[in-house]
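Below: one structure, written as C-alpha cells.
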Amino acid sequence: MKLTVGKSQRYTTIQEALTEAKNQSQTEDILIAIEPGCYHERLVVDIDNITIAGLGDNAFDTVIEYDLSAFEIMDDGTKRGTFRTQTVFVHGNNITFKNLTIANTAGDGSKAGQCLAINSEGVDITYENCRLLGHQDTIFTGPLPYKEKELGGFRGPMQYEPRCYNRQFFNNCYIEGTVDYIFGGAECYFNNCTIHSLFMDRNRMGYVTAASTPEGQATGFVFDNCRFEGDAMTGSVYLGRPWRNFARVTVKNSYLGEVIHQAHWHDWNKPDAHDTICYTESNNYGPGASYENYADFAHLE
C-alpha cells in the first residue's frame with residue numbers, strides 16, 4: 001500500500017497518512033511517500049513493516065521539524081522533560097526512514113534543555129540517507145534504563161513499558177548535536193555516517209554518545225567508517241560517556257577530527273564504572289586519533 005503526502009495530495013500531513021495506514025488491515029508492506037517541503041508536525045510511527053520516504057533529490061528537500069524542549073513548563077507545573085520532546089516517536093519493528101531530515105529546532109541545550117529529534121524503539125528500525133538534527137539529546141534509541149535517577153525523569157510514552165531489546169541501523173546519515181546527542185540502550189550500527197558536533201561556548205564540553213547498554217547485552221553502539229567532525233572547538237568533544245555503567249561503544253575505521261578530546265572518552269565521574277563499561281577503538285585515523293593520552297578505562301583493538 002502506498003500513500004502520498006503533499007500540498008496537492010489527499011494527505012497534506014504525514015500524520016494523516018500514518019493514521020490512515022494504521023486503520024487499514026496490515027496484510028502488505030506500507031510506503032508513505034512524502035513530496036518535498038517542510039512539515040511542521042510531530043509524528044507517532046507505531047506501525048510495523050512501513051517505509052517513510054522523502055521524494056526529493058536528497059534529504060534536504062523533505063524536512064520534518066518541531067520545537068519542544070525539556071525545560072518547558074507543562075500545565076501541571078512540571079517540566080516537559082526529555083522523553084516528551086521528540087519530533088518523531090517510533091515504536092515498532094521493520095520500520096525504515098529514507099531521504100529525510102528530522103529535526104528538533106528548539107535550540108541550544110543550555111537554554112532549552114534536552115530536545116529529541118527522534119525517540120526510537122523497536123527491532124530493525126533503519127534510517128537511510130537521513131539528516132537527524134538537534135542540540136542536546138538529538139537521538140534516543142531505546143530501551144530506557146530500568147530506573148530513573150530523578151523522580152519523573154522518564155515521563156513519556158515508554159515510561160511504564162517493558163524494557164525490551166532494540167536493534168537499529170543508521171546508514172549514510174548526517175547526525176548533529178552537542179551533548180549526549182546519541183544515547184540509549186539499543187544495539188545500533190552506524191555505517192558511513194557523519195557525526196557533527198556543533199559549536200558551544202568555551203565553558204562547555206561536548207559528548208557524542210551516552211550509552212545505557214543493558215547489562216549482559218553483547219553490543220551497544222558501533223560506528224564503522226564514520227566521520228567525527230564539526231565546528232566545536234579543538235579538543236572539546238568526547239566520543240562518549242556512560243549514562244549507565246554497562247555502556248558499550250565501538251568506533252572503528254573512522255576519521256576523528258580535531259574536535260575530539262585527547263582522552264577520547266569520559267567516565268562521567270563514575271570510577272565504579274571502569275570495570276564494567278566497554279569503550280573500544282580500532283583502525284581510526286585523523287588529527288583526533290592520537291592515543292597518547294587515551295583514557296585508561298578504554299581499549300584499543
For a side-chain contact (heavy atoms from CB on, under 4.5 Å) check, start with the C-alpha distance between L256 and Y285, then their side-chain angles and the critical distance, and finish with the verdict.
CA-CA 6 Å; L256 305 186; Y285 61 98; over 6 Å; no
Using modelled atom types and a 3.5 Å cut-off, is there a donor and acceptor pairing between side-chain atoms of T85 and backbone atoms of T82?
yes
For F60, is the NZ or CZ atom of R131 found under 6.0 angstrom from the centre of its six-membered ring and inside 45 degrees of the ring axis?
yes
Side chains of V222 and R248: closer than 4.5 Å at any heavy-atom pair?
no
Salt bridge present between K2 and D29 (N-O < 4.0 angstrom)
no
Identify the residue among Y279, Y207, Y294 that makes a ring-ring contact (aromatic ring centres under 6.0 Å, His included) with Y238.
Y207
Please tell me whether Y189 and D224 have a donor and an acceptor in their side chains that are separated by less than 3.5 angstrom.
yes
Has S212 got a side-chain atom pairing as donor or acceptor with W243's backbone, closer than 3.5 angstrom?
no
Give a yes or no on whether the backbone of L116 and the side-chain of N104 come within a donor-acceptor separation of less than 3.5 Å.
yes
Minimum heavy-atom separation for P214 to G185, with atom names?
CD-O, 3.3 Å
Give a yes or no on whether the backbone of T13 and the side-chain of E16 come within a donor-acceptor separation of less than 3.5 Å.
yes
Does a side-chain heavy-atom distance below 4.5 Å link S8 with E35?
yes
Using side-chain heavy atoms (C-beta onward) and a distance below 4.5 Å, is F83 in contact with Q114?
no
What pair of heavy atoms forms the shortest contact from E258 to P287, and how long is it?
N-CG, 3.7 Å
Looking at L300, I'd like to know if its CG atom is crowded, meaning that more than 12 non-hydrogen atoms belonging to other residues, nucleotides or ligands lie closer than 6.0 Å.
yes
If you define the side chain from C-beta out and look only at heavy atoms, does anything of T141 sit under 4.5 Å from F183?
no
Within a 6.0 Å radius of atom OH on Y146, are there more than 12 heavy atoms belonging to other residues, nucleotides or ligands?
no
Does any non-hydrogen side-chain atom of L198 lie less than 4.5 Å from one of D231?
yes
Under 6.0 Å between ring centres: does that hold for F228 and Y255?
no
Do the two ring centres, one from H40 and one from Y66, sit under 6.0 Å apart?
yes
Donor on one side chain, acceptor on other, H196 and E229, under 3.5 Å
no
For the pair F223 and F221, name the ring-plane relationship: parallel under 30°, tilted 30 to 60°, perpendicular over 60°.
perpendicular
Any side-chain donor-acceptor pair under 3.5 Å between E20 and N23?
no
Look up atom CG in N172 and atom NZ in K98, then write down how far apart they are to the nearest 0.5 Å.
11.5 Å
To the nearest 0.5 Å, how far apart are CD in E65 and CZ in R42?
13.5 Å
State yes or no: are the ring centers of F169 and F190 separated by less than 6.0 Å?
no
Establish, from distance only, whether the side-chain atoms of N253 and N283 form a donor-acceptor pair under 3.5 Å.
yes
Using atom types as modelled and distance alone, determine if a side-chain donor or acceptor of R84 lies under 3.5 Å from a backbone N or O of R80.
yes
Using a strict 4.0 Å threshold on nitrogen-to-oxygen distance, state whether R241 and D267 make a salt bridge.
no
For the pair N99 (side chain) and G54 (backbone), establish whether a donor and an acceptor sit closer than 3.5 Å, ignoring hydrogens and angles.
yes
Same apolar cluster: Y127 and F89, side chain cutoff 4.5 Å
no
Euclidean distance, M158 CE relative to L144 CG, rounded to 0.5 Å
7.5 Å
Heavy-atom distance under 4.5 Å between the side chains of I175 and I182, does that happen here?
yes
Salt bridge or not for K111 and D108, using N-O below 4.0 Å?
yes
Report whether L100 and I14 are members of the same hydrophobic cluster (ILVMFWY, side-chain heavy atoms less than 4.5 Å apart, transitive linking).
yes
Is it the case that over 12 heavy atoms from other parts of the model lie below 6.0 angstrom from the CG atom of D57?
no
Looking only at side chains, do D124 and N94 share a donor and an acceptor under 3.5 Å apart?
no
Inter-residue atom distance I95.CD1 - S120.OG, 0.5 Å rounding:
7.5 Å
C226 versus S254, closest heavy-atom pair with distance:
N-OG, 3.0 Å
Verdict with reasoning, L43 to Y39, per side-chain contact (heavy atoms from CB on, under 4.5 Å)
CA-CA 10 Å; L43 304 183; Y39 297 82; over 6 Å; no
What pairs with T78 under side chain to side chain donor-acceptor pair (under 3.5 Å), at least two apart in sequence or on another chain?
D76
Take atom NZ of K149 as the centre, draw a 6.0 Å sphere, and report whether it contains more than 12 heavy atoms from other residues, nucleotides or ligands.
yes
Linking I/L/V/M/F/W/Y whenever any side-chain heavy atoms sit under 4.5 Å apart, do I47 and I32 land together?
yes
If you measure only the distance, is there a donor-acceptor pair under 3.5 Å linking the side chains of E187 and Q217?
no
Ignoring hydrogens and angles, tell me if any N or O in the side chain of K270 forms a donor-acceptor pair with the backbone of P242 under 3.5 Å.
yes
CD (E215) with more than 12 external heavy atoms under 6.0 Å
no
Please examine the side chains of T209 and D180, heavy atoms only from C-beta on, and report whether any two atoms are closer than 4.5 Å.
no
Please name the pair of heavy atoms, one in M233 and one in M200, separated by the smallest distance, quoted to 0.1 Å.
CE-O, 4.1 Å
Connected via hydrophobic side-chain network under 4.5 Å: I118 and I50:
yes
For residues S290 and Q262, is any side-chain donor paired with an opposing acceptor at under 3.5 Å?
no
Are T12 and V5 close enough that some pair of their side-chain heavy atoms sits under 4.5 Å apart?
no
For the pair T178 (side chain) and H135 (backbone), establish whether a donor and an acceptor sit closer than 3.5 Å, ignoring hydrogens and angles.
yes
Kindly indicate, with the supporting measurements, whether the criterion side-chain contact (heavy atoms from CB on, under 4.5 Å) is fulfilled by E72 and K79.
CA-CA 6 Å; E72 177 187 351; K79 290 183 179 179; over 6 Å; no
N293 atom CG: more than 12 heavy-atom contacts under 6.0 Å
yes
Roughly how far apart are I139 CD1 and Q86 CD, rounded to 0.5 Å?
13.5 Å
Taking the side chain from N225 and the backbone from N192, do they hold a donor-acceptor pair closer than 3.5 Å?
no
Intermediate values then yes/no, side-chain contact (heavy atoms from CB on, under 4.5 Å), F170 and I195:
CA-CA 11 Å; F170 296 78; I195 312 299; over 6 Å; no
Distance, nearest 0.5 Å, that separates CG of N58 from OG1 of T62:
8.5 Å
Closer than 3.5 angstrom, by distance alone: can the side chain of S236 be matched with the main-chain N or O of M205 as a donor-acceptor pair?
no
Cluster question for you: counting only ILVMFWY and a side-chain heavy-atom cut-off of under 4.5 Å, with indirect links fine, are Y181 and F199 together?
no
Do other residues, nucleotides or ligands put more than 12 heavy atoms under 6.0 Å from Y160 OH?
no
